[in-house]
Each structure stands twice: as structure tokens, then as C-alpha cells.
Amino acid sequence: MKVNGKHYRSIWFDSTSNTVKIIDQRWLPHKFPIVELTTRQNFADAIREMWVRGAPLIGATAAYGMAVQMLNDPSDTSIDETWEILHETRPTAINLRWALNHMRELLKPLPEKSRALVAMQRAGEICDEDVEANRQIGLHGLEIIKQIAATKPPGAPVNILTHCNAGWLATVDWGTATSPIYHANEAEIPVHVWVDETRPRNQGAQLTAWEMDSHGISHQLIVDNAGGHLMQNGEVDLVIVGTDRTSANGDVCNKIGTYLKALAARDNDIPFYVALPSPTIDWSVGDGEKEIPIEERHGDEVTKVWGKLDDGTLASVQICPDNTPAGNPAFDVTPRRLITGLITERGIAEASPEGLAKMFPEFVR
Ligand code: MRU
């Protein structure tokens with residue numbers, strides 16, 4: 001997508017410097033730093049510390065991390081160690097394991113001397129595949145938006161609520177939940193986006209609001225607690241969120257707070273869709289509510305808030321008494337019964353074992 005008129009992906013191989021580059025998302029929206037990742041440790045730090053984040057982008061970054069390590073040491077031991085080092089960085093987003101397994105299975109049968117080249121090529125393809133999957137998700141989601149637009153007075157916007165950042169910054173390009181929104185905007189269907197701030201890391205406030213502004217999409221930032229009220233008052237037509245891991249039976253793990261939005265949407269008869277590319281489906285997990293590991297992050301994310309002070313300096317401030325203990329579960333699971341449909345690259349699947357199996361028969365064991 002575009003930043004100040006220039007097209008960017010969230011990760012790319014720069015053939016001039018022969019390095020992998022990313023946008024260091026910790027500084028958005030106030031700064032736009034581009035950094036090179038040159039060592040396996042760089043890649044691990046970037047994922048763990050959330051320079052990059054969002055399940056599809058985490059997967060793409062891990063694939064490039066494995067590829068860069070092959071330039072340094074293409075041995076079997078190096079592949080296994082890299083798998084472990086990158087895998088332990090974040091526990092919930094399944095695209096990480098998907099990408100690492102994929103790279104390991106591809107590379108192990110190859111002679112060592114050809115591994116680096118093949119790995120770099122494949123990492124690039126994984127990025128391209130993510131972009132295309134998200135584009136397709138956008139086209140399928142666009143049909144939902146078109147149908148709702150047809151029920152409204154001419155020119156009235158379709159009001160869409162989204163949570164966290166499932167935008168192009170969370171993927172390689174387009175985003176998952178935002179792709180239908182970007183496609184609707186291109187099709188000149190008026191949309192208005194309610195952007196949940198998404199405490200504690202504020203991915204909605206810092207990233208989604210920035211994306212919407214960069215693309216000239218009508219939006220308003222709301223506190224996480226406002227969604228239910230807006231739904232009750234007829235100000236939300238549709239909810240679209242992303243996911244970090246969806247189980248084979250259709251339960252959706254996503255950023256903390258998603259479940260509450262799904263409950264409010266159900267109580268108000270508002271369609272609640274989840275947008276996801278197929279590598280976000282964990283076919284080994286049946287019951288998402290019981291089996292998906294939920295990342296517990298540092299309490300500082302809850303007790304402090306980072307942002308821009310009135311004088312323009314960037315700072316972190318404490319918002320509670322000294323030494324307040326904090327709990328910080330980063331994700332929750334929305335049970336499939338609350339989900340209207342799963343918008344995948346192949347079409348809209350029912351959130352059920354049968355729905356996913358019908359859409360992706362080749363993965364069913
Ligand atoms: O903790 P993060 O920022 O990596 O959170 C992941 C997400 O971006 C969201 O949960 C998103 O809604 C799903 S990933 C497209």
C-alpha cells in the first residue's frame with residue numbers, strides 16, 4: 001500500500017543492498033523507520049519485540065529469517081536451531097510455525113550448497129502468495145460490503161468496526177480485515193471505519209488509524225469500550241476482524257477484546273466476519289477455546305502508555321500507582337457460534353469444521 005505516494009510492502013528483499021528490509025512498526029505513526037535485518041538474531045528480536053507483528057507478517061519474516069541464516073550456515077543443525085530460535089519468539093500466531101515448517105521441509109532434502117538460493121526465492125514467494133491471498137480476501141469481502149451498501153440510502157456509508165490492526169502492516173500487503181475496506185474504497189463504495197484503539201499496545205490507534213488516514217478512508221478512533229454502544233445505536237453495519245490462529249473447527253483466536261465485540265455483535269444482530277489467509281488455520285487444533293496457547297505479555301504494556309507529548313517528544317507514561325501488578329493476556333478466542341463467516345482467499349467459509357473442510361479439502365486428515 002502507499003505511504004506518501006510511494007508503494008511499500010511491510011517486508012521486502014532489497015536487491016540493491018542485498019538485504020531484507022522491514023518497517024520498524026514500534027515507532028508508527030510518529031516515525032517511519034526502515035531497518036535491515038541481517039542476522040538470525042535480528043529476525044528473532046524483530047518478531048519478539050514487535051518491530052513486525054501480525055500473524056501473516058510474522059510468518060513471512062520467519063521465512064526470510066531462515067533464508068538469511070542459510071547464507072551464513074546452510075547445515076541441517078543450523079536449520080533446526082533456527083527453527084527453534086524463531087519459533088519461540090511468539091506463541092500464538094500460527095503462521096510462524098507454518099512458515100518455519102514449510103522452509104524446513106523444503107530445505108532439508110536439498111544439498112547444502114543450493115539451500116540459500118532456494119530459501120531466499122521461497123521466502124519471496126511466500127510474501128507474494130500472502131499478497132495475492134489478501135487481495136482475494138478483499139474481493140470476497142467486497143461482496144459483503146456491496147450487499148450491505150445496497151440496503152442503505154444512496155451515498156450512505158457502510159459502517160465497519162475493526163479491532164487491532166489486521167491491515168497491510170500485519171500482512172505483507174493489503175491486510176486481511178482491511179482488504180475488503182480498501183477494495184470498497186477503490187470501488188467508490190462509501191465506507192466509514194470505527195477503529196478500536198486496542199489496548200494495551202494500541203495497534204488500532206497507532207497502526208490502523210494511520211493506515212486509514214494514509215488511504216483517505218473515513219474513520220474514527222474509538223476506545224475499546226465504545227463498540228457495544230455504537231452497535232446498540234445502529235452505527236455499526238458490519239464487523240470485520242483478523243485472526244492470529246483459527247482452529248480446524250472454526251474458533252478464532254485474535255487480539256484481546258475481539259470476543260467482547262463478537263458478543264455485542266451477536267446481541268445486536270450485526271454480522272461478524274473474520275478475514276484470514278489459509279496459513280492462519282491450525283489444522284492440528286480442534287477446540288480453539290481449549291487448545292490455542294494465549295501469549296501473556298509484560299505488564300508494562302498495561303501500566304504504561306506510549307505516545308506523543310504536547311511538545312512533540314515521544315514518551316511512555318505510567319497510568320497507575322507505582323508497582324501495580326498487571327495481567328496482560330494478548331489474545332482471546334471467539335467461539336465459532338458467534339462468527340457469521342470466515343473470509344478466506346477461496347471464498348467465505350462457514351465457521352465450522354465442515355465449512356473449513358469444504359473450502360480446504362486437501363488439509364483435512
Ligand atoms: O500482537 P500483534 O500485534 O502481533 O497482534 C496480532 C494482530 O495483528 C491482530 O491480532 C490481528 O487482528 C490479526 S493478524 C492479521
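The model shown is predicted, which means the values in this text are computed figures rather than measured ones. Read the numbers this way: they start at 1 and go in the same order the structure lists the ligands and their atoms.
Numbered from 1 in the order shown, with element, the atoms of ligand 1 that lie under 4.0 Å from a heavy atom of Asn254 read 9 (C), 10 (O), 11 (C), 12 (O), 13 (C). Here is the list of ligand 1 atoms found below 4.0 Å of a heavy atom in Thr176: 15 (C). Remark: ligand 1 atoms within the under-4.0 Å shell around heavy atoms of Met50 are 1 (O), 2 (P), 3 (O). Numbered from 1 in the order shown, with element, the atoms of ligand 1 that lie under 4.0 Å from a heavy atom of Gln203 read 1 (O), 2 (P), 3 (O). Listed by number with element, the atoms of ligand 1 under 4.0 Å from a non-hydrogen atom of Asn165 are 7 (C), 8 (O), 11 (C). Atoms of ligand 1 lying under 4.0 Å from any heavy atom of Ala55, numbered from 1 in the order shown and given with element: 14 (S). Near Pro56, meaning under 4.0 Å from any of its heavy atoms, are these atoms of ligand 1: 15 (C).
Salt bridge Glu289/Arg336: absent, no basic N to carboxylate O contact under 4.0 Å. Using a 4.0 Å cut-off between charged side-chain N and carboxylate O, Arg90 and Asp244 make no salt bridge. Using a cut-off of 4.0 Å between Lys/Arg side-chain N and Asp/Glu carboxylate O, Glu295 and Arg201 are scored as not salt-bridged. The existence of a salt bridge linking Arg199 and Asp224 is excluded, since no basic side-chain nitrogen approaches an acidic carboxylate oxygen closer than 4.0 Å.
With respect to atom 8 (O) of ligand 1, the closest heavy atom belonging to the protein is Arg53 NH2, 2.7 Å. Residue, atom and distance of the protein heavy atom nearest to atom 10 (O) of ligand 1 are Asp244 OD1, 2.6 Å.
Ring pair Tyr8/Phe32 is perpendicular by interplanar angle, where above 60° counts as perpendicular and below 30° as parallel.
Counting only distance, with no hydrogens or angles, the side chain of Ser78 and the backbone of Asp73 share a donor-acceptor pair below 3.5 Å.
Nearest-heavy-atom check against atom 1 (O) of ligand 1 across Arg201, Lys255, Arg245 picks out Lys255.
The shortest N or O to N or O distance between Cys164 and ligand 1 is not under 3.5 Å. Taking distance alone, with nitrogen or oxygen atoms compared against 3.5 Å, Arg90 approaches ligand 1 more closely than that limit.
Both Tyr273 and Ile181 belong to a common hydrophobic cluster when Ile, Leu, Val, Met, Phe, Trp and Tyr are linked at side-chain heavy-atom distances under 4.5 angstrom.
Taking 4.0 Å as the cut-off, Val241 does not count as a neighbour of ligand 1 on heavy-atom distance. Ligand 1 lies nowhere less than 4.0 angstrom from a heavy atom belonging to Glu295.
The ring of His30 has its center closer than 6.0 angstrom to the ring center of Trp306.
The shortest distance between side-chain heavy atoms of Leu338 and Lys261 does not fall below 4.5 Å.
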